[in-house]
Amino acid sequence: MKLIIEHIRKNYDGRTVLKDCSYVFSAAGVFVLMGPNGCGKSTLLRICALIEQSDGGELIFSDDGHPLSQDLALRRRMTLVLPHIGVFNATVFDNVAYGLRLRGIRRPELDRKVAEALAFVGMEHKRKQNALTLSSGETQRMGLARAFAIGPEVLFLDEPTASVDEENTAIIESIVLAMRKAGHTMVIMTTHDRDQAELLADKLLIMKSGEVHEA
Ligand SMILES: Nc1ncnc2c1ncn2[C@@H]1O[C@H](COP(=O)(O)OP(=O)(O)O)[C@@H](O)[C@H]1O
Ligand SMILES: [Mg+2]
């Protein structure tokens, strides 16, 4: 899948956050967006993930040059993981299974996909634990497992290692590197950590004055 954004604008309460964002997310790989607090990174991610509408400009998703209509089917091919994911008062298994159940996937395929996703983030042994009792690093890894389980073609990660300790940060970075190596997923992420950006990025993007530029 390819995503072209053209002249994306967004205002909140008359204040311009995104002035003119244009970029071509051309293929699988890791795009890392950096920029100061409040510059609009999360806003742009929500707009690209079709969770929020822009005030102007265009988003064009396409497959082999064919534009895709922005409907539920397209939304289901992508997912956004927030810095503090939503956790249900249920087992890790059920939390990871959530997106699959929404998509109508049932046992035994459900079990297989959840097991695969938990293995991918190194948390198979936690499947029966109540998700509310996980550490914050484990909680973020569970969020990645939930995202990974649905096999997204575009994965948006908003500061995936904010409030995560060093050990879990390293694990999360290795998960993103594994996705990059597998080469099936376009990852569009934000971070404040320059070393992390350099480690993970195929393309490093900087947001400044409401615009996005390659570093
Ligand atoms: N729903 C909203 N209503 C009003 N202001 C918002 C809303 N969402 C974001 N903002 C404001 O837009 C600016 C950019 O926010 P954000 O995209 O979260 O920045 P970043 O992720 O780069 O830190 C901030 O000033 C923030 O307060
Ligand atoms: Mg943000």
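For reference, positions follow the sequence shown, starting with 1. Both ligands and their constituent atoms are indexed starting at 1 by order of listing.
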Has ligand 1 got any nitrogen or oxygen that is less than 3.5 angstrom from a nitrogen or oxygen of [X]?
| X | answer |
| --- | --- |
| Asp13 | no |
| Val17 | no |
| Asn37 | no |

So do [Y] and [X] actually touch side chain to side chain, heavy atoms under 4.5 Å?
| X | Y | result |
| --- | --- | --- |
| Asn37 | His192 | yes |
| Val121 | Ile171 | no |
| Phe88 | Asp94 | no |

Among Ile175, Val187, Val30, which residue meets the side chain to side chain contact (heavy atoms under 4.5 Å, CB included) test with Arg180?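 Only match with Arg180 under side chain to side chain contact (heavy atoms under 4.5 Å, CB included): Val30.
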Do Thr191 and Asp193 have side-chain N/O donor and acceptor atoms under 3.5 Å apart?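 Short answer, no.
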Starting from [atom], which protein heavy atom do you reach first, and at what distance in Å?
| atom | result |
| --- | --- |
| atom 15 (O) of ligand 1 | Thr43 OG1, 3.8 Å |
| atom 23 (O) of ligand 1 | Gly38 N, 2.7 Å |
| atom 19 (O) of ligand 1 | Gly40 N, 3.2 Å |
| atom 3 (N) of ligand 1 | Tyr12 CD2, 3.5 Å |

Relative to the heavy atoms of Ser42, which atoms of ligand 1 are at a distance of less than 4.0 Å? 17 (O), 18 (O), 20 (P), 21 (O)
Is Arg15 touching ligand 1 with its side chain, its backbone, both, or neither, if touching means heavy atoms under 4.0 Å apart?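 The side chain, only.
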Can you check whether Gly56's main-chain N or O pairs, donor with acceptor, with Ser54's side chain at less than 3.5 Å? yes
Would you check if the side chain of Arg141 reaches a backbone N or O of Asn168 as a donor-acceptor pair within less than 3.5 Å? no
Do any heavy atoms of Gly35 fall under 4.0 Å from ligand 1? no
Using heavy atoms and a 4.0 Å limit, tell me yes or no: is Arg46 in contact with ligand 1? yes
A quick test of your reading: do over 12 heavy atoms of other residues, nucleotides or ligands sit less than 6.0 Å from CD of Glu166?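 Check fails, neighbour count at 12 or below.
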Above 12 or not: heavy atoms from other molecules or residues under 6.0 Å from CZ of Arg194?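 No, because the 6.0 Å sphere around CZ of Arg194 holds 12 heavy atoms or fewer from other groups.
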Please find out if the Mg ion (ligand 2) and some N, O or S atom of Asn37 are separated by less than 2.8 Å. no
Heavy atom of protein closer than 4.0 angstrom to atom 12 (O) of ligand 1: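 Yes.
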